[in-house]
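These numbers were taken from a predicted model, which means no experiment stands behind them.
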Amino acid sequence: MRSALVAAQEAGALAPLDVPQDVPVEQSRHTSHGDYSTPVCLGLARVLKRAPLQIAQTVAAYVPSVPYIAEVTVAAPGFVNFTLDPVWVASSVSTILAAGDTWGDIALGAGARVQVEFVSANPTGPITIGSARNAVIGDVLASVLAAAGYSVEREYYVNDAGSKVRNFGASIYSRYAALHGLDVPFPEQGYPGAYVTELAIRARDSFGSAYLAADDREAAVRELGQWGIQRVLETVAEDLATLGVRFDTWFSERSLYDSGLFDEMLAKLRAGGFVVERDGATWFRHDDLEKDAVLVRSERVIPNPEDRPTYLASDIPYMWNKLMLRGFDRAIYVWGADHHGDVPRVQAAAKALGIAGDRLVFIIYQMVTMLRGGEEIRMSKSSGEFITLRELVDEVGPDPIRFMMLTRTVDVTLDFDLDLAVEQSDRNPVFYVQYAHTRIAGVLRRAEEAGWDVLESGDLRQLTHPSEQALLRKMLSLPEILKVAAQSLAPHHLTTYATELASAFHAFYRDCRIVSSEPDDADLSRARLMLARAAQVVLSRALRLMGMDAPERM
RNA sequence: GCCCCAGUAGCUCAAACGGAUAGAGCGAGUGCCUUCUAAGCACAAGGUUAGAGGUUCAAUUCCUCUCUGGGGUACCA
């Protein structure tokens, strides 16, 4: 389109003007508007002082002739519409079948290294349903970026430093002591869940009374806390796997202190004049921040040295570790809205350390309100009242959960009614998409039983029916969807796309008999079998990008 | 008070960089299974996109204000 503008100008048909670098071309919503359209002439009307429709007509004549465009038309008030060549569209069946599982892949990322860090829930208890949205967004985002040509790693940040560990350890210790008939008071900020008692039993079975005999109870509590966290993480990994979520790396917060990286960062910030000491605490100061932020709490308030660093204190060396030590080009953080206030602080710290701001990307998703029978459920690990992710997956299944968490943009809070979720799980849109996939599998099975060689080639030029063409065009747009999803870091576009694709297949199935018993139709049947196989490839790809199953039977 | 996110069909949500006739699912309505899976399809109903201004050839989309809901504003984690 851009070349058409340039050509028109060079030919003297258009007055000289600055041709926009990016000419917007988008998919038409209505078939009467062709397959793609551009409103660019509307915008040029003012500059050129000519009617937009007239400009469009002039420019349309200069659109270069390419094999995939059959027709260029102009529509009021000044749109230029392009219609794809049906034969070219039909021939794309071969392209898609040849691409197979890689159909849709694009080279947008050019191999840039991206890390997606997500979930990262405190390892002081099981993963609750509160982490479901985070897990699905992060996982699918990572898949989308991988398909878009990025080199992606999934990371879980383990909060194994600070007072949580001691409170957790002390909770286990108290239960553990009780098992030995000793009364050690349960900590005020402890974790009362039943899983703590189970951990205490495991500790007794593994270590006997060794921790009770230790001289330094504080050290024993810390050690038991670390041990407990490792046990919890094993469960966390298993539970997330039931949802289809897996991590490449588990990164320890504690290691940031043990390695001395925190001290290093503090020294750098101090040298840059970003650190102030006040009221016995260490503060981070930056012009971008309205208020100073505490890095290290004062001894007066928090006596134990291990408990003094704040989250921000860890976030700074963690960021440095990701971008400078491990060399990721971009670090993506998936955070709940309850942490959005921390974003400016981390960004200010990055700026202070000379790191380009666009290398840190924060996906802030809004909270999920958990309901049961219309009543809100409040959950917390420290109250022991929560519903685990595992329970939900066991009840509803991973795919409906993933679809529910994925259909919404990250910017809206969502209500999740547990009763409704279970009740409606068999009406979840995910089954609509999966059903289209099984339908194809069923057709292919039947065809083989009837003696067809489903791998045989047919004459694709026969795929001229509107429903065939509509399905094909939808199949062809997966790369564009991936581009949008990857650029805007919005994985939810995939659910809309998958539903539309399934709908296009169902329409094709209704209108076009795939396997015909009429001998005269044999060649057409072969072409349609190819189309069905290609549609199955695209459906399967879309489902797997979302981390869902593409079943052969339902 | 200040900061962030949202408000679209009865309900839950879409709508790609500001484009042409705002779309799905659920719910409620009417039809379609002796031929490839009815977990499907077709038709019909449902909307002043919270409200008021503004920018623009064009606004659900951008800006301002008001109202409503959610989140954040501690040396807690």
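- For the pair A:Y311 and B:A77, the ring geometry does not qualify as stacking, because the centroid separation below 5.5 Å and plane angle under 30° are not jointly satisfied.
- B:A22 and B:A15 are spaced 7 Å apart, taking the C1' atom of each and rounding to whole Å.
- If you check every strand for non-hydrogen atoms under 4.0 Å, A:V412 touches sugar and phosphate atoms only.
- Each salt bridge (Lys or Arg N to Asp or Glu O under 4.0 Å) pair with one or both residues in residues 117-131 of chain A, not counting sequence neighbours, appears once here: A:E117-A:K322.
- Taking only side-chain nitrogens and oxygens, A:K291 comes nearer than 4.0 Å to OP1 or OP2 of B:A74.
- Taking atom C1' in both B:A74 and B:C65, the straight-line distance is 32 Å, to the nearest Å.
- Using a 5.5 Å limit on the distance between ring centres and a 30° limit on the angle between planes, the aromatic ring of A:H33 counts as stacked on the six-membered base ring of B:A20.
- Inspection of the A:S163 and A:D307 side chains reveals no N or O donor paired with an N or O acceptor under 3.5 Å.
- Below the 3.5 angstrom threshold, one finds no donor paired with an acceptor across the side chain of A:H340 and the base of B:G72.
- B:G23 and B:C13 make up a base pair, with Watson-Crick or G-U wobble contacts both under 3.5 Å.
- Summarising the geometry, the separation between CD1 on A:I363 and C1' on B:C4 is reported as 15 Å, rounded to the nearest angstrom.
- If you check B:U35 for Watson-Crick or wobble pairing at under 3.5 angstrom, you find it has no partner at all.
- The phosphate of B:A15 has OP1 or OP2 within less than 4.0 Å of a side-chain N or O from A:H492.
- Using a 4.0 Å cut-off, no side-chain N or O of A:Y432 falls inside it from OP1 or OP2 of B:A38.
- Ring planes of A:F262 and A:Y257: tilted class, angle from 30 to 60°.
- In this structure, B:A59 forms no base pair with any nucleotide, since neither Watson-Crick nor G-U wobble geometry is met with both distances under 3.5 Å.
- The distance from atom CG of A:D419 to atom C1' of B:C11 is 16 Å, rounded to the nearest whole Å.
- Taking atom CD1 of residue A:I440 and atom P of nucleotide B:C36, one finds them 16 Å apart after rounding to whole Å.
- In this structure, A:E552 reaches the bases: a heavy-atom distance under 4.0 Å links it to at least one base atom across the strands shown.
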* Walk me through it: do A:R222 and A:E218 pass the test salt bridge (charged side-chain N to carboxylate O under 4.0 Å, His left out)? => CA-CA 6 Å; A:R222 295 259 172 198; A:E218 182 65 16; 3.4 Å; yes
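- Take A:R270 and apply the salt bridge (Lys or Arg N to Asp or Glu O under 4.0 Å) test, not counting sequence neighbours, and it matches A:E277.
- For B:C75, the base has a donor-acceptor partner in the side chain of A:S298 [N/O atoms by modelled type, under 3.5 angstrom].
- Both tests hold for A:R439 against A:Y509: distance to the six-membered ring centre under 6.0 Å, angle to the ring axis within 45°.
- A donor-acceptor contact under 3.5 Å links the side chain of A:N81 to the base of B:A20.
- A sub-4.0 Å separation between OP1 or OP2 of B:A14 and a side-chain N or O of A:T409 is present.
- Among the protein residues, A:D279 comes within range of the nucleic acid bases, having at least one heavy atom under 4.0 Å from a base atom.
- Closest to the side chain of A:I481, from the set B:C26, B:C75, B:A16, is B:A16.
- B:A6 and B:U68 make up a base pair, with Watson-Crick or G-U wobble contacts both under 3.5 Å.
- Contact annotation: side chain of A:S37 to base of B:A20, donor-acceptor pair present below 3.5 Å.
- The side chain of A:L414 approaches B:C13 more closely than any other nucleotide in the set B:C13, B:A38, B:C75.
- Here the C1' atom of nucleotide B:C3 and the CD atom of A:E290 are 7 Å apart, to the nearest Å.
- Pair check for B:A74 finds none; no Watson-Crick or G-U wobble contact set falls under 3.5 Å.
- Residue A:E500 contributes atom CD, which lies 13 Å from atom C1' of B:G25 at whole-angstrom precision.
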